[in-house]
Amino acid sequence: MPNMSLEKVKMPEQEPNVRNKNFEEVTYGYTSEQAVEEATRCLNCRHQPCKQGCPVGVPIPEFIQEVCQGNFEEAYQIITQENALPAICGRVCPQENQCEGKCVRAIKGESVGIGRLERFVADYHRENSESTAPAIEKNGKKVAVIGSGPAGITCAGELAKKGYEVTVFEALHKVGGVLVYGIPEFRLPKDLVAQEVQTIKDMGVKFETNVVVGRSMTIDELLEEGYEGIFIGSGAGLPRFQNIPGENLNGVYAANEFLTRVNLMKGYEFPTYATPVDVSKNVCVIGAGNVAMDAARTAKRLGAENVYIVYRRGEEEIPAREEEVHHAKEEGIIFKLLTNPTRILGEDGWVSAMECVEMELGEPDESGRRRPVVKADSEFVIETGTVIVSIGQSPNPLIRQTTPGLDTQSWGGIIVDEETMKTSKDAVYAGGDVVTGAATVILAMGAGKTAAKAIDEKLSQK
Amino acid sequence: MYQIVKKEVLNDVVELMEVHAPHVARKCEAGQFIILRVGEDGERIPLTIADYDREKETITIIYQIVGYSTQVLASLKEGDEITDFVGPLGEPTVLHQHERVVGVAGGVGSAPLYPQLRALAQKGVKVDVIIGGREAQYVLWADKFKEFCENVYIATDDGSLGQKGWVTTVLQQLIDEGQTIDEVIAIGPVPMMKAVVGVTKPHNIKTSVSLNPIMIDGTGMCGCCRVTVDGKIKFACVDGPDFDGLVVDFDELIARQKMFKRQESHVCNLTGVKR
C-alpha cells in the first residue's frame, strides 16, 4: 500500500538564522528511514511520466522501487546507468519543471521527492560503498573535451565507458566548471564535486587544467594532434551588464566575479586564502535567476545586513528554482520585485546607492512572460555599497574567434544539429551553455550525453 | 606544476623568473600575458610575458614585489615549482609597419615592452625607447634595449641615471625637437601611461597602452578587468591588454585598482609585507 501523504517527507536542514552565517550545506539529506518513507509515496504508475521529464532519462520508478525495498546500492546502480553525477543532480536540478513536474502525485498534493531520493541514493553510495574502478577495454581512439563543467564531464564519462581515450582540457586551475566556480558550497559542497569527478577519472578520463583552448591551442591543432572527435562544452562565461551609468564603480561586481572570488578562490576564508572579497551593509543583486539567488545568499553569509533581489518582473516570472527562492526568503533576503535599476550612483569612485523605477506587467512578450513596463513617476533610491549584476551570461568568444568553419549564432552560441550536437565543422560537437546560452546543469549533461552517443556512432563506423 | 628554471634578482623590489610552461611557450606572442598561482590557497595573478623560448619551452616573467602574493612568489627558488601557470592570455600586440616608434617604459613596464619593440625592430621599424625609474637601480633592461634600439633615453626622479625627471619630460623634448613619431607604446604604472597620453594627445600621436586591471580568470569570465575605452566597456583580458591610449578612461582604471586596497593592506599587516 503506497504512502498517501500529500506532502513530501521533510528534509532536515539548518535553521535559516544559523545557516545564513555559515557556508555549510543548507540541507542534510534524508536518513534511510525517511528515504524509504518518501519512496513509498511513488505509485509506480504505468505511464512513468517522470521519466519523460528527465533530460538524461534516469529510470526513476525503477530506482525508487529499489529504495522502497531498502536496496540503496541497487538503486545507485540503476541511476548511474544513465546519470554519472547523481549527487550533483539531486541537489541542483530544477526538478519542479522536470521529473517532479510530471509526477501524477503532483495533481493532488506534492510530487514524489525524486530529487531528494536521488541525492539520498548518491550520498548513501558515497558513504557506504567502496567504489571500484570499472575494467574498460580501450579502443585506442582519442577524443578531446573542452571544458570540465557538467556537459564536458558527462560527455567524457560516457565516452570513457565505451573505451575511448578521453582528455578534458580545462582553462581554470580546478576541474568542475560552474560546479566549482559558480554554485556555492552551501548548495553544492565542493568535496562532493571532487568525488564525482574522481569517479570519472577512475574510468580513465585524463584532465589537463590550465589549458585555454582558443589561446593555448586551437581546435584545429587538436585535430592535427590526432583527436578524432572533439566536444566543446566551454559554457556561457561572459557576463552581461545592463549598460546603465555607474556599472564600473568600485563595489559593482558581475555575479561571476563575486561567486568566483567566493567559491573557486575561497574568498570567504580570506586571508587564509589570498583572494579578497567584500560586501557592504546593504547589497543589491540585480536579477532573479539561480545565479542571483546564489549571489544574494552568499552576500548574506559574508555579513551583509540587508540583501535585496532587484527584479524587473513579478513573483511568478522568477526564473530560479523554487527551493532556492524559498531558502533565500527564509534566510532573510528581501525581494524587490517589479523594480528595475536605472542608474548606480557613486561617491569617490565607490557605489553609494542605486536608483530604480517601479514596473508593472503588460502584455506577454516573445518569451511568453508578461512584459514589464515602467510606472510613471516611480523613481526611488536604495542605499547600497555593493551591487551584484546577475542578468545572464553569453558564451565565451575565444573558441569561435579561433576556429574557422565553426558556425555560431549572432549572440555567440555555437550552432549544432540538435539530434547529434554536431557543429558545422567536421568531427566537432558542442553542447551545454555554449550552445543554448545560460541554462541548467542537467540540460548541459543531457547535451553531453547526446554528443557522446553521436561521437561513438561516428567513430565506431571508421 | 611548472618548474622555475632560472631566477634573477634585478633590484631590491624586482625579480625575474624563467618558467617551464610548454603550452604557453609554444603559442605566445608579444603583448600577451599569463596568470599564475602559488599554492592551493594562492591568488591568481596576471603578469605580462617578458620573453619566451620556444625550444626550451620557457616563459620569462618579471614582477615587482608589491604585496602578499608577489611576496609568496618571490619566496620560491630556482628548481621550485609554481602551482598553476596558464596562458598565453589576451590578444597579441598588433605590430604596425611604421617608420618610427618610441617605446616608453616605467619600472617593470620594461618587461612587456621589450618583446614588442624587438618584434618591431625585426620588422625593420626604427625604434627608440625611454626608460624611467625612481632611481638608477629601478631602470630595467637598458642594455637589452640597446641591442636593437637606435636611442635609449633614461629618466630618473632623482637624476641618479640619465636625465633628471620623468619619461614624459624626455618624450616632450623629442616632440618639441620636431621628431617624427608614428606611434608611442607606453607600458608602466597607470598614472605614467595617463601622463604619456597627456603629452601625445595634443599632437594626435597614436599611443598604445597595455592595461593591467585586477583580474581573476583572465579568459573573459569574471568581468573584473573591465575598462572603459572610447565610452564602451571592454574586458582587458580578452579584448586587450593593449588599447588605444588616447581613448582609455584612466581615472576609472586608477580607481578600480583600489577596489581591494583595504583588505590587501590588512593581509600585508598580518604578514609584514610592505606596500
Side-chain angles (χ1 to χ4, degrees), chain A residues 169-174 178 181-182 208-212 214-218 221 234-241 243 247-261 264-267 269-278 346 348-350 389 393-398 401, chain B residues 2 21-24 26-28 32 35-45 67-69 72 83-90 214 216-228 232-233 235 238-239 249 251-264 266-267 270-271:
Chain A
F169 296 97
E170 167 56 48
L172 291 172
H173 57 265
K174 213 167 187 176
V178 73
Y181 76 73
E208 275 206 53
T209 52
N210 295 326
V211 179
V212 184
R215 292 278 195 219
S216 313
M217 54 174 71
T218 62
E221 284 165 346
S234 51
L238 204 72
R240 290 200 206 118
F241 288 88
N243 294 319
E247 280 180 326
N248 285 2
L249 288 164
N250 282 347
V252 182
Y253 296 95
N256 265 6
E257 178 190 352
F258 182 68
L259 291 172
T260 300
R261 284 183 179 277
L264 179 71
M265 306 310 295
K266 300 220 181 298
E269 293 191 40
F270 182 85
T272 307
Y273 285 76
T275 305
V277 65
D278 190 32
D348 303 328
W350 289 82
V389 184
Q393 285 99 238
S394 312
N396 193 292
L398 293 181
Q401 284 168 357
Chain B
Y2 305 83
H23 281 309
V24 192
R26 271 177 224 148
K27 291 282 284 187
C28 69
Q32 291 187 296
I35 284 185
L36 62 78
R37 192 176 73 115
V38 182
E40 282 310 315
D41 51 4
E43 205 178 0
R44 292 172 67 96
I45 46 177
Y68 176 75
S69 293
V72 174
T83 320
D84 297 292
F85 196 96
V86 61
L89 301 170
I214 303 174
I216 307 177
D217 64 294
T219 64
M221 189 189 86
C222 78
C224 175
C225 67
R226 58 195 190 274
V227 289
T228 302
K232 294 184 199 73
I233 293 185
F235 290 179
V238 287
D239 300 321
D249 185 340
D251 291 334
E252 179 185 271
L253 177 58
I254 290 170
R256 286 187 63 77
Q257 285 185 319
K258 293 180 187 149
M259 179 122 167
F260 295 100
K261 201 123 195 154
R262 200 159 48 88
Q263 287 84 350
E264 280 160 2
H266 171 70
V267 180
L270 291 180
T271 53

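Chain naming here is simple, since letters A, B, ... match the order of the sequence lines and numbering starts at 1 in each. Keep in mind that this is a model prediction, so the values were computed, not measured. Every heavy atom of this structure was used, including side-chain atoms; hydrogens, water molecules and symmetry mates were not.
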Closest heavy-atom contact between Lys258(B) and Asn250(A)?
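Answer, listing the atom of Lys258(B) first, then Asn250(A): C-ND2, 4.2 Å.
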Considering all heavy atoms, the nearest Cys222(B)-Glu257(A) contact:
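Minimum heavy-atom separation between Cys222(B) and Glu257(A): O-CB, 3.2 Å.
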Should [X] and [Y] count as side-chain neighbours, where that means a heavy-atom distance under 4.5 Å?
X         : Y         : value
Tyr273(A) : Glu43(B)  : no
Phe235(B) : Pro239(A) : yes
Arg261(A) : Ile216(B) : yes

Contact class of [X] relative to chain B, heavy atoms under 4.5 angstrom:
X         : value
Val389(A) : neither
Leu249(A) : backbone
Phe241(A) : side chain
Met265(A) : side chain
Glu208(A) : side chain

Check whether [X] gets within reach of chain A through its side chain, its backbone, both or neither, counting any heavy atom under 4.5 Å.
X         : value
Val238(B) : both
Val72(B)  : neither
Arg256(B) : both
Arg44(B)  : both
Ile254(B) : neither

Contact leader toward chain A among Gly90(B), Pro22(B), Ala21(B), Gly42(B), where contacts are heavy-atom pairs under 4.5 Å:
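Maximum pair count with chain A is reached by Gly90(B).
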Would you check, one step at a time, whether the test side-chain hydrogen bond (donor to acceptor under 3.5 Å, both in side chains) holds for Asp217(B) with Thr260(A)?
CA-CA 9 Å; Asp217(B) 64 294; Thr260(A) 300; over 6 Å; no
Once side-chain contact (heavy atoms from CB on, under 4.5 Å) is applied, do any residues pair with Val212(A), and if so which ones, sequence neighbours excluded?
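For Val212(A) the side-chain contact (heavy atoms from CB on, under 4.5 Å) partners, ignoring immediate neighbours, are Ala171(A), Arg215(A), Ser216(A), Leu398(A), Val86(B), Leu89(B), Thr219(B).
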Please name all residues satisfying side-chain contact (heavy atoms from CB on, under 4.5 Å) with Thr218(A), sequence neighbours left out, ordered by chain then number.
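By the side-chain contact (heavy atoms from CB on, under 4.5 Å) rule, Thr218(A) matches Asp220(A), Glu221(A), Thr402(A), Lys27(B).
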Taking atom types as modelled and ignoring hydrogens, do the side chains of Asn248(A) and Arg226(B) form a donor-acceptor contact shorter than 3.5 angstrom?
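Yes, a side-chain donor-acceptor pair sits under 3.5 Å.
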Apply side chain to side chain contact (heavy atoms under 4.5 Å, CB included) to Met221(B) and Gln393(A), showing your working.
CA-CA 9 Å; Met221(B) 189 189 86; Gln393(A) 285 99 238; over 6 Å; no
Only pairs of heavy atoms separated by less than 4.5 Å count here; which of Val277(A), Leu259(A), Thr209(A) has the most with chain B?
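Highest number of heavy-atom pairs under 4.5 Å: Val277(A).
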As an exercise, state the distance from CG of Asn243(A) to NZ of Lys232(B), rounded to the nearest 0.5 Å.
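Answer for the CG-NZ pair, Asn243(A) versus Lys232(B), is 11.5 Å.
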Within the distance-only criterion (no hydrogens, no angle test), does the side chain of Asn210(A) pair as donor or acceptor with the backbone N or O of Asp84(B) below 3.5 angstrom?
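Absent.
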Is the ring pair Phe260(B)/Tyr253(A) parallel, tilted or perpendicular, if the boundaries are 30 and 60 degrees?
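Answer is tilted, since the angle falls between 30° and 60°.
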